[in-house]
Amino acid sequence: MTDKYAVFGNPIAQSKSPLIHSEFAKQTQQDMSYEAILAPVDQFSTSLTEFFANGGKGANVTAPFKEQAFAMCDELSDMAKLAGAVNTLFNLPNGKIGGDNTDGVGLVNDLEMLFGPLKGKRVLLVGAGGAARGCILPILQHNVAQLVICNRTHEKAVELQSLFNEYGNFFAKPIDELISPFDLVINSTSAGLSGQLIALPDAIVDATTDCYDMTYSQQTTGFNQWAQALHARKTADGLGMLVGQAAASFSLWRGVTPDKGPVIRKLREQLAQKAAE
Ligand code: ATR
C-alpha cells in the first residue's frame, strides 16, 4: 500500500515540499504519496489528528504551525526540544506522535557543501526568531570557533544565548558593536520577505566572508546584494537548506538518503523560468 505523507501550513500553495518529496521518492523508488494540506489557522491539531487517523505515516509542518506541532508531540528529539519547534512528524505505532526538527541539519549540510567545513570559523547569525533558534545547536556542534548572534531587538538574542549557556563560544552582541569581519554571516531574519533590508554594519563583511541568506527568491536577495556590494567571497540563498531539511525528513521516514543535487537544480531552473515569464 502507498504510504501517505503531507505538509501542513497556512498558506501552503507556495510550498515546494510536494515536488521535492515526489522527486526523492522517484529517485529512491519509494511507494509513497505526499500532499500539501491547508490547515485552517485555528484547526491545525484537528487536521493533523485526522490525517494520522486516516493512515498518514508522517508529516512536515511549516509556518505558522511549527510551535503548535511541538506542543502536540508525545516524543521529541533533542534537536526539536532545543529548537522549540517541529518540522517533521511521525505517526508512532502506539498512536503517539513523534517530532523532530531537521531545519538546522539542512542548513549546516548546505553551508558545508557550499563553503567548506564550519570547524574553526567565526560565524555571525543575524536574527533571533524561530528560524535562528533551530540552527544554533547544529552550528555549535560543528565546532565553530565562535557563534555570535545579533538581532534588531537585542533582548531576544540575549534570551537565546541563555538557552545554550554551556557553550562558552556562543555570544549575543548588539548590532552596533559588530566592528570586524566574520568568516560566515547567516541571515535568518524575515526582513527580505517584506521587502526590507536589515541594517548591518559594512565592517562585518570583507573579501574573506561567505554570506548565506536563509530565504530564497528568483532574484538575488537583498541581503546577498548587500554582501556582494561589499565583495563577499561567496553568497548563497536558502534553496539548498529547503531541499536539505526535506532530505533529512525523508531519510528519517524512509531509511534512505536521497540525492539533493538534482532537486536543487530543478528548483533553481523553475525559479529562473518564473523570472523570465
Ligand atoms: P522566523 O520564525 O521566520 O524566524 P520570527 O520569529 O517572526 O520569524 O522572527 C523574525 C526575525 O526577523 C526576528 O529576528 C526579527 O527581528 P525582531 O526580533 O527585532 O523583530 C527579524 N526581522 C524582521 N523584520 C526585520 C527588519 N525589517 N529588520 C531587522 N530584523 C527584522
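Counting starts at 1 for both ligands and their atoms, following the listed order. The structure displayed is predicted, hence computed values, not measured ones.
Met214 and Leu160 end up in the same hydrophobic cluster when Ile, Leu, Val, Met, Phe, Trp and Tyr side chains are linked at under 4.5 Å. Under the 4.5 Å side-chain heavy-atom criterion for ILVMFWY residues, a single connected hydrophobic cluster contains both Leu92 and Met32. Hydrophobic cluster membership is shared by Met79 and Ile149, with clusters built from Ile, Leu, Val, Met, Phe, Trp and Tyr side chains linked at under 4.5 angstrom.
Atom 2 (O) of ligand 1 has its closest protein heavy atom at Gly130 N, 3.2 Å. Residue, atom and distance of the protein heavy atom nearest to atom 19 (O) of ligand 1 are Thr153 OG1, 2.4 Å. Residue, atom and distance of the protein heavy atom nearest to atom 5 (P) of ligand 1 are Gly129 CA, 4.0 Å.
Atom CG of residue Leu124 and atom CG of residue Leu200 lie 7.5 Å apart, to the nearest 0.5 angstrom. Here CE of Met72 is found 8.0 Å from CZ of Phe52. Values are rounded to the nearest 0.5 Å.
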**OP:** Before giving the answer on side-chain hydrogen bond (donor to acceptor under 3.5 Å, both in side chains), spell out for Tyr212 and Asn224 the whole-Å C-alpha distance, their side-chain angles and the decisive distance to 0.1 Å.
**Re:** CA-CA 7 Å; Tyr212 191 93; Asn224 281 342; over 6 Å; no
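Contacts between Asn151 and ligand 1 below 4.0 angstrom, taking non-hydrogen atoms only, involve the side chain exclusively. Contacts of Arg152 with ligand 1, taken as heavy-atom pairs under 4.0 Å, involve both backbone and side chain. When non-hydrogen atoms are compared, ligand 1 lies under 4.0 Å from the backbone of Ala128 (N, CA, C, O) but not from its side chain.
For a threshold of 3.5 Å applied to N or O pairs, the pair formed by Leu197 and ligand 1 contains no separation below that value. Every N/O-N/O distance between Thr189 and ligand 1 stays at or above 3.5 Å.
Near Gly127, meaning under 4.0 Å from one of its heavy atoms, ligand 1 places the atoms 14 (O). Of all the atoms in ligand 1, the ones that sit under 4.0 Å from a non-hydrogen atom of Lys156 are 17 (P), 18 (O), 20 (O). Applying the 4.0 Å criterion to heavy atoms of Ser190 picks out, from ligand 1, the atoms 10 (C), 12 (O), 23 (C). Close contacts of ligand 1 with Ile198, meaning ligand atoms under 4.0 Å from a residue heavy atom, involve 28 (N), 29 (C), 30 (N). Those atoms of ligand 1 that come under 4.0 Å of a heavy atom in Ala131, given as number and element, are 1 (P), 2 (O), 4 (O). Atoms of ligand 1 found under 4.0 Å from any heavy atom of Gln196, numbered from 1 in the order shown, are 27 (N).
Within a 6.0 Å radius of CD in Glu166, other residues, nucleotides and ligands contribute more than 12 heavy atoms.
There is no protein heavy atom less than 4.0 angstrom from atom 7 (O) of ligand 1.
For the side chain to side chain donor-acceptor pair (under 3.5 Å) with Lys66, the qualifying choice from Asp103, Asn101, Asn87 is Asp103, the only one to do so.
Taking the centre of each ring, Phe164 and Phe170 come in below the 6.0 Å mark. Aromatic pair Trp226/Phe223: centroids less than 6.0 angstrom apart.
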